[in-house]
2 protein chains.
Amino acid sequence: MAESSRITARDGVRADARRNRERVLVAARAVFAEHGIDAPMATVARRAGVGVATLYRHFPTRDALVRGAFAQQMETCARALTEALAAVDPWQGFQQLVETVCALQREERGFPAAFVAAFPETASEHARSRQRAERDFTTLVRRAQASGALRADFHPSDLAVVLLAHCGLATALPDDGAASRRLVAYLLQSFRTDPANKPLPPPAALTLRSLPIATASPQGQRPSRA
Amino acid sequence: MAESSRITARDGVRADARRNRERVLVAARAVFAEHGIDAPMATVARRAGVGVATLYRHFPTRDALVRGAFAQQMETCARALTEALAAVDPWQGFQQLVETVCALQREERGFPAAFVAAFPETASEHARSRQRAERDFTTLVRRAQASGALRADFHPSDLAVVLLAHCGLATALPDDGAASRRLVAYLLQSFRTDPANKPLPPPAALTLRSLPIATASPQGQRPSRA
DNA sequence: GTCCAAGCGGACGATTGCGTCCACTTAAGA
DNA sequence: TCTTAAGTGGACGCAATCGTCCGCTTGGAC
């Protein structure tokens with residue numbers, strides 16, 4: 001299977017192409033942070049110092065670009081989940097997880113929207129990793145409940161509720177993060193077991209997998225078009 | 001000061017104009033609900049069965065239209081606050097208020113965005129009513145805290161946190177409202193006084209007045225433009 | 001050094017939304 | 001009925017963004 005002769009360098013990609021790809025990603029993060037993930041593609045290209053065509057060659061759709069730009073953050077999320085599962089105290093793990101993801105959402109502007117708008121369900125690779133994430137999270141929840149720290153009526157879908165709500169907040173208020181921290185603290189507090197807790201309304205009938213996909217328009221999260 | 005002779009009917013507005021205005025408002029609510037408050041003006045006009053010019057005459061800017069479309073909901077919010085202040089049990093009032101506003105946000109799609117994007121600070125009339133709302137709410141909070149039901153470290157600005165977060169959720173998930181109810185229940189729970197409560201991070205340094213305005217772009221809530 | 005496919009950039013046509021202008025219609029007072 | 005200003009509708013000019021096409025440039029194998 002060795003690469004046939006004449007063709008290119010190391011990984012079969014020309015050096016300048018690889019360089020440009022990286023430049024585009026950096027620019028995309030910056031621009032998305034500044035103007036939201038709906039910012040014109042041309043702006044990203046200009047910022048990266050490349051032509052539009054180059055941008056489109058590397059990332060044929062806005063979605064691909066968004067995904068590429070925030071792949072690292074996504075991985076951090078995945079890692080946080082793994083670590084949470086590995087934590088000795090499952091409640092600690094749970095808390096860590098929520099805080100980490102929310103911190104990411106608040107630090108990397110544009111990421112919240114990207115996170116929610118996320119991947120079309122067709123992207124099988126991502127669908128798979130999402131499924132796994134969901135399963136892992138459910139495990140974490142069950143353990144934390146077994147330990148007595150997480151309220152028994154917490155439902156895994158509540159994570160989606162938290163993330164969407166926090167995303168809305170972070171998007172609306174790209175400030176120093178005080179509001180975000182405040183919200184997270186309130187929520188974590190109400191997730192703890194407490195004899196005084198009154199029963200909750202029924203959980204939302206959604207899986208982590210189902211919602212961002214179905215809801216979000218292909219690019220960005222706001223519906224439009226007549 | 002009687003209206004001078006020849007001119008028009010009752011309130012100085014021709015009957016057909018008044019009729020059209022109403023039709024536009026109805027259409028706007030429908031379209032905004034369906035496509036978000038960024039929906040093309042022309043779509044609203046078509047839905048209302050009027051020409052664009054007519055729409056623009058009645059509502060020169062998209063903002064004016066949004067404001068007009070949701071004026072009723074805004075008033076309901078204001079009334080809820082008044083009622084909350086009048087309630088015997090201030091905690092009950094507080095709870096009612098949060099639940100009413102959130103219910104509005106979830107029922108009238110498009111309203112959350114309108115609520116947050118709200119008015120440019122120049123609209124003095126609205127600025128004034130907003131100021132009053134803020135003052136009243138602060139009073140309510142103080143009373144509820146004095147009664148011992150609302151945690152002492154609840155800060156009036158936390159209302160903004162709640163509303164923005166809930167707005168994000170409601171916008172992302174225009175479903176049956178299960179998620180919304182769930183979020184509200186969690187939050188209200190964590191607002192109650194509880195000896196086990198751990199200290200919160202400091203409140204966000206924002207007033208009810210400052211945030212939606214400063215943050216929101218003139219139309220819609222998402223920044224853009226390069 | 002030579003060669004050429006991979007890579008590049010920008011011009012371009014298409015599409016969509018905005019807001020105005022202007023000629024036609026109509027409500028309603030006399 | 002007649003008059004006229006208020007009201008109306010849609011065509012139009014303008015601007016922004018999209019994504020493609022095509023001729024030029026260049027990395028890197030030989």
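No experiment lies behind these values; they were computed from the predicted model shown. Residue numbering restarts at 1 for every chain, and letters A, B, ... go by the order of the sequence lines.
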Sugar-phosphate, base or nothing in reach of B:Val52, heavy atoms under 4.0 Å: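 B:Val52: base contact, heavy atoms under 4.0 Å.
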
Touch class at under 4.0 angstrom, heavy-atom based, for A:Ala17 against every strand present: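 Since only primed, P, OP1 and OP2 atoms lie under 4.0 Å of A:Ala17, the category is sugar-phosphate.
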
Whole-Å distance separating the [atom1] atom of [X] from the [atom2] atom of [N]:
X: A:Phe59; N: D:dG19; atom1: CZ; atom2: P; value: 15 Å
X: A:Arg18; N: C:dC8; atom1: CZ; atom2: P; value: 11 Å
X: B:Arg46; N: C:dC18; atom1: CZ; atom2: P; value: 11 Å
X: A:Arg19; N: C:dC8; atom1: CZ; atom2: C1'; value: 12 Å
X: A:Arg14; N: D:dG27; atom1: CZ; atom2: P; value: 7 Å
X: A:Leu55; N: C:dG10; atom1: CG; atom2: C1'; value: 14 Å
X: A:Met41; N: C:dC12; atom1: CE; atom2: P; value: 22 Å
X: A:Arg21; N: C:dG9; atom1: CZ; atom2: P; value: 16 Å

Given D:dG9, C:dC18, C:dA27, the nucleotide with the shortest approach to the side chain of B:Ala15: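 The closest nucleotide is C:dA27.
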
Per A:Tyr56 side chain, nearest of listed nucleotides D:dG19, C:dA28, D:dG10: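 Of D:dG19, C:dA28, D:dG10, D:dG19 is nearest to the side chain of A:Tyr56.
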
Is [X] close enough to [N] that one of its side-chain N or O atoms is under 4.0 Å from OP1 or OP2 there?
X: A:Asn20; N: C:dC8; answer: yes
X: B:Thr54; N: D:dG7; answer: no
X: A:His58; N: C:dC8; answer: yes
X: B:Arg57; N: D:dT8; answer: yes

Parallel, tilted or perpendicular: rings of A:Tyr186 and B:Phe154 (30°, 60°):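 Ring orientation, 0 to 90° scale: tilted.
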
Nearest atoms (heavy-atom pairs only) where B:Leu188 meets B:Gln95: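 Scanning both residues, the minimum pair turns out to be CD1-CG, 3.6 Å.
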
A:Ala27 backbone acceptor or donor facing A:Arg47 side chain under 3.5 Å: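 It does not hold such a pair.
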
Heavy-atom donor-acceptor pair, A:Thr54 side chain to A:Val50 backbone, under 3.5 Å: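 Not a single qualifying donor-acceptor pair exists.
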
Rounded distance [0.5 Å steps], CZ in B:Arg182 versus CG in B:Leu187: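 Answer for the CZ-CG pair, B:Arg182 versus B:Leu187, is 12.5 Å.
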
5' precedence on DNA chain C between B:Asp16 and B:Pro60 (nearest-nucleotide basis):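 The residue mapped nearer the 5' terminus is B:Pro60.
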
